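Below: the structure, in structure tokens.
Small disclaimer: the values here were computed from a predicted structure and weren't measured. What's counted below: heavy atoms across the whole structure, side chains too, no hydrogens, waters or symmetry copies.
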Amino acid sequence: MKRVLATLTAALLAAALFSGCGSPKNKEYTILDQSLADEEYVIAFRKADQSLRDEVQKTLSEMKKDGKLAEISNTWFGKDNTTVKTDFTPSGAADDSLQKVKDKGEFVLGLDDSFPPMGYRDADNNIVGFDIDVAREVCSRMGVTLKLQPIDWDSKVSELDGGMVDCLWNGFTTNPEREGQMLMSEPYMTNRQVIVVPKGSSIKTLADLKGKTLTLQGGSTAADALEANPEVKDSLKEAAEVKNNVLALYDLGNGSSDAVLMDEVVARYYTGHQDQLASDAKAE
């Protein structure tokens, strides 16, 4: 398989959009039943920040117990998709990470702001989403202000370790490599890596990807899922990595690729919100 690393520039995308060619608006998509990976979403903290992690986890457990977490989930998904446990046992950590956040009165959340419905920009350019609403409630109960800090997702570990953000919280998938780099919360939601194709595509199963072009977000666990499925990866004509899922779906919409590999949570949002996809593509 030829593996192509491709990054689309904003200028090229804008030119295509303004010309009206290949816009993803009004395209219809299908999500294959087969997936490449089952995943769990967590919140990531610096390795040494155990007390901060414990406080956030304790607050999530309280929200699960009193129904607030279910209320937020119902708003975004129509049901309670969360997997947070109501019981929590603190680690007894004595580090000062929680106190530092309380002293500055601010909890800085690092995110990819093009990841709906977890965290993204609405029509008024405000960052909204399920994770944002949950984090805002957590911060309210902790007595601090939530600061949303969009980051380069490819540099997320260095952004966290460098102190630019206090956590990574945006549909963040746990895996062994990340667990070696960061301190994780307990999982709060499940996810799958799925294949999205245009409606009417001849691609019905993973085997049908043979000889096709697949697009995915660089630096995401979609890339990990593809690497973990060599029989799929090696059968492809190309695997192209782009900046984010919006550009991946844009490629699919204009015929530059045959399929997209992405988080099911995001895929189901975008396939049901075509106007949002078109708006996000223009914003790029």
Side-chain angles (χ1 to χ4, degrees), residues 1-39 112 114-116 152-154 156 171 173 175 177 191-272 274 277-278 280-282 284:
M1 180 209 70
K2 287 177 59 183
R3 181 174 178 82
V4 176
L5 180 64
T7 302
L8 299 181
T9 65
L12 287 175
L13 178 58
L17 282 166
F18 288 134
S19 70
C21 298
S23 170
K25 188 176 181 180
N26 298 324
K27 293 280 185 178
E28 292 188 68
Y29 300 98
T30 298
I31 300 173
L32 300 193
D33 291 334
Q34 290 177 291
S35 65
L36 268 73
D38 294 320
E39 301 177 337
D112 165 10
S114 58
F115 200 77
D152 179 353
W153 204 241
D154 283 337
K156 54 189 171 291
T173 301
N175 62 33
E177 179 183 2
N191 179 57
R192 300 190 306 158
Q193 288 296 329
V194 298
I195 299 293
V196 181
V197 297
K199 187 176 181 179
S201 169
S202 62
I203 301 172
K204 308 296 183 184
T205 68
L206 296 179
D208 296 333
L209 288 169
K210 182 177 180 180
K212 305 297 185 181
T213 298
L214 180 71
T215 306
L216 61 153
Q217 179 181 0
S220 71
T221 51
D224 297 334
L226 185 60
E227 290 293 330
N229 289 270
E231 71 284 358
V232 175
K233 175 186 172 185
D234 293 343
S235 75
L236 297 171
K237 177 183 178 181
E238 296 180 8
E241 294 186 359
V242 294
K243 179 182 175 183
N244 55 43
N245 289 310
V246 173
L247 297 182
L249 287 170
Y250 184 84
D251 263 7
L252 184 62
N254 68 19
S256 297
S257 72
D258 300 300
V260 172
L261 175 60
M262 63 191 301
D263 288 52
E264 183 176 21
V265 170
V266 183
R268 294 205 178 278
Y269 178 84
Y270 269 139
T271 55
Q274 290 296 304
L277 176 57
D280 288 350
K282 290 179 181 178
E284 290 295 324

Non-hydrogen atoms of [X] and [Y] that approach each other most closely:
X      : Y      : result
Tyr29  : Leu249 : OH-O, 3.8 Å
Asp258 : Ile203 : O-CD1, 3.8 Å
Val194 : Ala267 : CG2-CB, 4.1 Å
Gly211 : Lys237 : O-CB, 3.4 Å
Asp154 : Gly218 : OD1-O, 3.3 Å

Once side-chain hydrogen bond (donor to acceptor under 3.5 Å, both in side chains) is applied, do any residues pair with [X], and if so which ones, sequence neighbours excluded?
X      : value
Ser257 : Thr215
Ser201 : none
Asp224 : Asn175
Ser202 : none

To the nearest 0.5 Å, tell me how far [X] [atom1] sits from [Y] [atom2].
X      : Y      : atom1 : atom2 : answer
Arg192 : Leu32  : CZ    : CG    : 9.5 Å
Ile31  : Arg268 : CD1   : CZ    : 4.0 Å
Leu247 : Leu216 : CG    : CG    : 12.0 Å
Asp38  : Thr173 : CG    : OG1   : 11.0 Å
Ile195 : Lys212 : CD1   : NZ    : 13.0 Å
Leu261 : Leu36  : CG    : CG    : 5.5 Å

I want to check something: taking the side chain as every heavy atom from C-beta on, are [X] and [Y] in contact at a cut-off of under 4.5 Å?
X      : Y      : value
Tyr250 : Asn254 : yes
Pro198 : Thr30  : no
Glu238 : Leu214 : no

Donor-acceptor pair, side chain of [X] and main chain of [Y], under 3.5 angstrom:
X      : Y      : value
Asn191 : Val265 : yes
Lys27  : Gly253 : yes
Asp208 : Thr205 : yes
Lys233 : Ala239 : no

Heavy-atom neighbours of Gln34 CD exceed 12 at 6.0 Å: yes
CA sep, side-chain torsions, deciding dist, call: Asp251, Val260, side chain to side chain contact (heavy atoms under 4.5 Å, CB included): CA-CA 9 Å; Asp251 263 7; Val260 172; 6.0 Å; no
Side chain to side chain contact (heavy atoms under 4.5 Å, CB included) partners for Asp112, two or more places apart: Ser114, Phe115, Trp153, Asn170, Gln217
Sequence neighbours excluded, every pair satisfying salt bridge (charged side-chain N to carboxylate O under 4.0 Å, His left out) that has a member inside residues 197-206: Glu28-Lys199
Exercise: do Thr221 and Glu39 side chains pair donor with acceptor under 3.5 Å: yes
Single hit among Asn244, Leu252, Val196 for side chain to side chain contact (heavy atoms under 4.5 Å, CB included) with Met262: Val196
